[in-house]
Amino acid sequence: MRPKVYVTRLIPEEPLKKLQQNCDCRIWDGELPVPRDVLLREVQTADGLVSLLTDRIDATVMDAAPKLRVISNMAVGFDNVDIKEATKRRIVVCNTPEVLTETTADLAFALMSAAARRIGEGERIVRSGKWKTWGPMILLGQDIHHAMLGIIGLGRIGTEIAKRALGFDMKVIYCDRDRRPEMEKKLGIEYADLKTLLARSDFVTIHTPLTSETHHMIGEEQFKAMKKTAILVNTARGPIVDPKALYNALRDRLIAYAALDVTEPEPIPPDDPLLTLDNIVIVPHIGSASVATRTKMAMMAVDNLLAGLKGERPHHVVNPEVLAK
Ligand code: DGY
């Protein structure tokens, strides 16, 4: 019998076709995330689930899904899935690392440039008809070249950021749970603890997963430790930065600017105080949003799911202990 699979949003055509050739698929084709009651109903008969970071896959969903064997999350991050509960039920959880690394690093760099050179503000001035002349003092920003970049989390994306930064003649320091001497040597970058990194960096970019340890790891104390000219970039997960502390820091000019691809909550409500500030640029979680990368992510999610349903080892398993049992 063909396995039954529920897909929580429309995914690119080619991976979807592959899934449909191998499984009986039901798909939520709405523009917004699948409503909770629909998800709870649809998983009742599902052997496999293709989920997104906008879906909370917790014990309640798993309890409603007695046949569920594989959750394939189409994202590298999997903080939306309760891994402990999945492991308890021997449900394999998969993610989609690697394929989005460079695309996300590209966006982090774009955001860094947008903040440093005040691109959002400039665009608003042009569109509102307020651009009257070239002026020696108009919209002065900061240079990226030769500046100090602090990378929090030297994983795959953090490493790609470091490579890009070197192309801009930046000096790079990083902090991480584990020191990476081989990367330090290869890229000519330096290790620093978080406090030192914050104090020395002109740009701070976050590339660490969201866990209980990293939740609000950048808050009031950290903003006070940063340079007043510093620019903070977050393309990882919104809740790594305390949004109230960020608002205060930007308003009181404890730091100069922030550039966010991720917010807490998502989407950021239109009346969020952060949106009243000029010294912030925010885009709607588009780090991996290139045609090629989203297609690769969906294909990887499908391949992971199909392997798991066949009882094979998927390439990217988050809780391998389930397979070991
Ligand atoms: C991820 O994959 O975790 C990104 O946030 C979205 O691509």
Side-chain angles (χ1 to χ4, degrees), residues 7-12 14-16 28 31-34 49-58 70-83 86 92-112 151-161 164 176 205-218 232-241 243 258-268 281-305 314-319:
V7 186
T8 63
R9 206 85 63 85
L10 218 45
I11 59 174
E14 204 190 330
L16 184 60
W28 173 254
E31 209 183 309
L32 294 178
V34 57
L49 178 67
V50 176
S51 57
L52 306 181
L53 58 87
T54 45
D55 309 314
R56 186 161 45 87
I57 311 298
D58 55 11
V70 187
I71 297 167
S72 188
N73 209 40
M74 190 187 135
V76 63
F78 45 85
D79 46 279
N80 60 307
V81 182
D82 191 329
I83 303 300
V92 179
V93 182
C94 308
N95 69 338
T96 61
E98 292 157 17
V99 284
L100 51 71
T101 301
E102 290 170 272
T103 303
T104 308
D106 287 349
L107 184 88
F109 227 87
L111 281 178
M112 210 151 91
I151 301 176
I152 300 178
L154 196 74
R156 295 184 195 91
I157 298 171
T159 304
E160 282 302 319
I161 287 285
R164 281 156 180 72
D176 205 318
T205 183
I206 302 173
H207 301 286
T208 187
L210 174 63
T211 63
S212 50
E213 280 115 64
T214 62
H215 184 264
H216 288 189
M217 78 181 282
I218 303 297
L232 176 75
V233 179
N234 188 8
T235 53
R237 284 291 182 267
I240 296 172
V241 177
L260 309 180
D261 181 40
V262 289
T263 58
E264 181 188 19
E266 275 183 25
I268 189 166
V281 52
I282 307 181
V283 291
H285 204 149
I286 54 170
S288 62
S290 75
V291 176
T293 292
R294 284 287 166 82
T295 304
K296 285 184 204 158
M297 286 168 70
M299 192 54 97
M300 184 178 271
V302 165
D303 286 340
N304 282 337
L305 187 83
H315 279 302
H316 300 286
V317 183
V318 170
N319 56 348

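Indexing begins at 1, ligand by ligand and atom by atom, following the structure's order. Throughout, numbering of the chain's residues begins at 1 and tracks the sequence.
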Show which atoms of ligand 1 fall inside a sub-4.0 Å distance from at least one heavy-atom site of [X].
X	result
Arg237	1 (C), 3 (O), 4 (C), 5 (O)
Leu100	2 (O), 7 (O)
His285	4 (C), 5 (O), 6 (C)
Ala75	1 (C), 2 (O), 3 (O)
Ser288	6 (C), 7 (O)

Problem set entry | Options Leu53, Val76, Leu52, ranked by nearest heavy atom to atom 2 (O) of ligand 1, top entry |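 Closest candidate by heavy-atom distance is Val76.
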For this session: Kindly indicate, with the supporting measurements, whether the criterion side chain to side chain contact (heavy atoms under 4.5 Å, CB included) is fulfilled by Arg237 and His285.
Result: CA-CA 9 Å; Arg237 284 291 182 267; His285 204 149; 3.6 Å; yes
Problem set entry | Non-hydrogen atoms of Asn73 and Leu53 that approach each other most closely |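 Where Asn73 meets Leu53 most closely, the heavy atoms are OD1-N, 4.3 Å.
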Exercise. Is there a donor-acceptor contact under 3.5 Å from the side chain of Asn304 to the main chain of Ser72?
Worked result: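 It does not hold such a pair.
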For this session: Test side chain to side chain contact (heavy atoms under 4.5 Å, CB included) on Leu49 and Thr8 and set out the steps.
Result: CA-CA 8 Å; Leu49 178 67; Thr8 63; 4.0 Å; yes
Exercise. Is it the case that more than 12 heavy atoms not belonging to Glu14 sit under 6.0 Å from its CD atom?
Worked result: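 No, not enclosed.
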